[in-house]
2 protein chains.
Amino acid sequence: MTDRRSGLLEAADRVVQREGPDASMNLIAAEAGITKPILYRHFGDKGGLYRALAARHIDELLGRLRSALVTRGGLAARTRATVDAYLAAIESQPQVYRFLMHRAAVEDPGVRGDVDSFVRRFGDELAAGIRSEPALGNIDPLRATVWAHGIAGLVQATGDWWLDHPEVPREAVVAELSELLIAGFNLS
Amino acid sequence: MTDRRSGLLEAADRVVQREGPDASMNLIAAEAGITKPILYRHFGDKGGLYRALAARHIDELLGRLRSALVTRGGLAARTRATVDAYLAAIESQPQVYRFLMHRAAVEDPGVRGDVDSFVRRFGDELAAGIRSEPALGNIDPLRATVWAHGIAGLVQATGDWWLDHPEVPREAVVAELSELLIAGFNLS
DNA sequence: CCCATGATGTTACCGTCGGTAACATATTGT
DNA sequence: ACAATATGTTACCGACGGTAACATCATGGG
């Protein structure tokens, strides 16, 4: 652990992975070997901790998605890579994903603009990707935006469903979604 | 108010719409002119109240979607009608929609199978619609399921985005999404 | 050398929330 | 008339988020 804050965040991470939604400030503090007030000194309030926690995962996940978005081999390959990157990420850390998606964003009613809803940021990222997609030419900006946020939700919702149906192999889910999207893109 | 339960639910509804996420059992009880234990006698726990609350709205919304799913005029018309029905519904009652989507399902960690997350049930409904869609023939059941939950999320996420961009006309959003989906369906 | 400063740590407490126990009062069907 | 059922209350519990008050320890400038 480099600095203090990082150490605390790693402890919080461990608790969230182990306890799921039952993570409390007391538990997190205990995991870090300290008590509550120190946590509050570092993160202000629970929302602050959650935002800090969310920020690192979101940044990492968005990084992977950004890489996938520039995969070489054409639109179809890029589509598959991006969908797969998303599902692989939530497969590797389902608890963290659940936390980010279904807890953190809701838990903190105040500062919505700080760490915005994750799908939203994924959508923005996607919109940029779609607008600069060579195979789609000069796509209408509104269309790009609407599609992007829609597709972000599509992948996310499928991910949610898939979390409860682990018997379905990831490749199958990726294939079905990608085929739908690729065929859809072809309308242009 | 017909029976007791309905009266309590209407009070709860008022509080949820007025107070948003700050609705507490005490507040709801006060709004109904009673105290907490009566609420608990009727709904068991907070999750029970939320489920009951969600159920009425979900049933109404799903009813509209079901109607849209059997619109006459071919797959394209059905797709447009369904997307439009969803967006029209969330346009007419955004607070209720937010409650259903982002609060009710998350709030109750236990009984997930009772009143499932709304997108989830929309997804199930859609899956049935897709499987029995004449234009899609004998579609692979897994594909139908994956598509359905994905499309449910697609419409939902776009709806979320659209709530913050009311300057975009509904018809435009519906058109963009529908075109993507219809083209996607054509791969079969 | 001393001591001010800032970070680290603790215990003990507060208000609120979800939830329950215990008890009292109508209403109603047989 | 009476048992059962629904309605209502007050008072409490444990857990949680959050804070106040106080103690400890390193460090670096006069």
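Below, chain A is the first sequence line, B the second, and so on; all start at residue 1. For clarity, every value in this text was computed on a predicted model and none was experimentally measured.
Applying the side-chain hydrogen bond (donor to acceptor under 3.5 Å, both in side chains) test to every pair with at least one member in residues 23-37 of chain B, sequence neighbours left out, gives these pairs: Arg14(B)-Glu31(B), Arg18(B)-Glu31(B).
The side chain to side chain donor-acceptor pair (under 3.5 Å) check on Arg80(B) picks up nothing, with sequence neighbours excluded. Here Glu91(A) pairs with Arg170(A) under the side chain to side chain donor-acceptor pair (under 3.5 Å) rule; sequence neighbours left out. Residues forming a side chain to side chain donor-acceptor pair (under 3.5 Å) with Tyr97(A) (at least two apart in sequence, or on another chain): Tyr86(A), Asp160(A).
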**Fill in**
Whether each nucleotide of nucleotides 4-19 of chain C has a protein heavy atom under 4.0 Å at its base (B), only at its sugar-phosphate (S) or at neither (-) is summarised, 5' to 3', as ----BBBB------BB
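The interatomic distance linking Ile28(A) (CD1) with dC16(D) (P) rounds to 11 Å, in whole Å. Summarising the geometry, the separation between CD on Glu19(A) and P on dC16(D) is reported as 10 Å, rounded to the nearest angstrom.
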Output a table of donor-acceptor pairs, distance under 3.5 Å, between side-chain atoms of residues 126-140 of chain A and any protein atom two or more places apart or on a different chain; print 'none' if there are none.
residue	atom	partner	partner atom	Å
Arg131(A)	NH1	Thr145(A)	OG1	3.3
Ser132(A)	OG	Ala128(A)	O	3.1
Ser132(A)	OG	Gly129(A)	O	3.3
Glu133(A)	OE1	Arg78(A)	NE	2.8
Glu133(A)	OE2	Arg78(A)	NH2	2.9
Glu133(A)	OE2	Ala135(A)	N	3.2
Asp140(A)	OD2	Arg143(A)	N	3.1

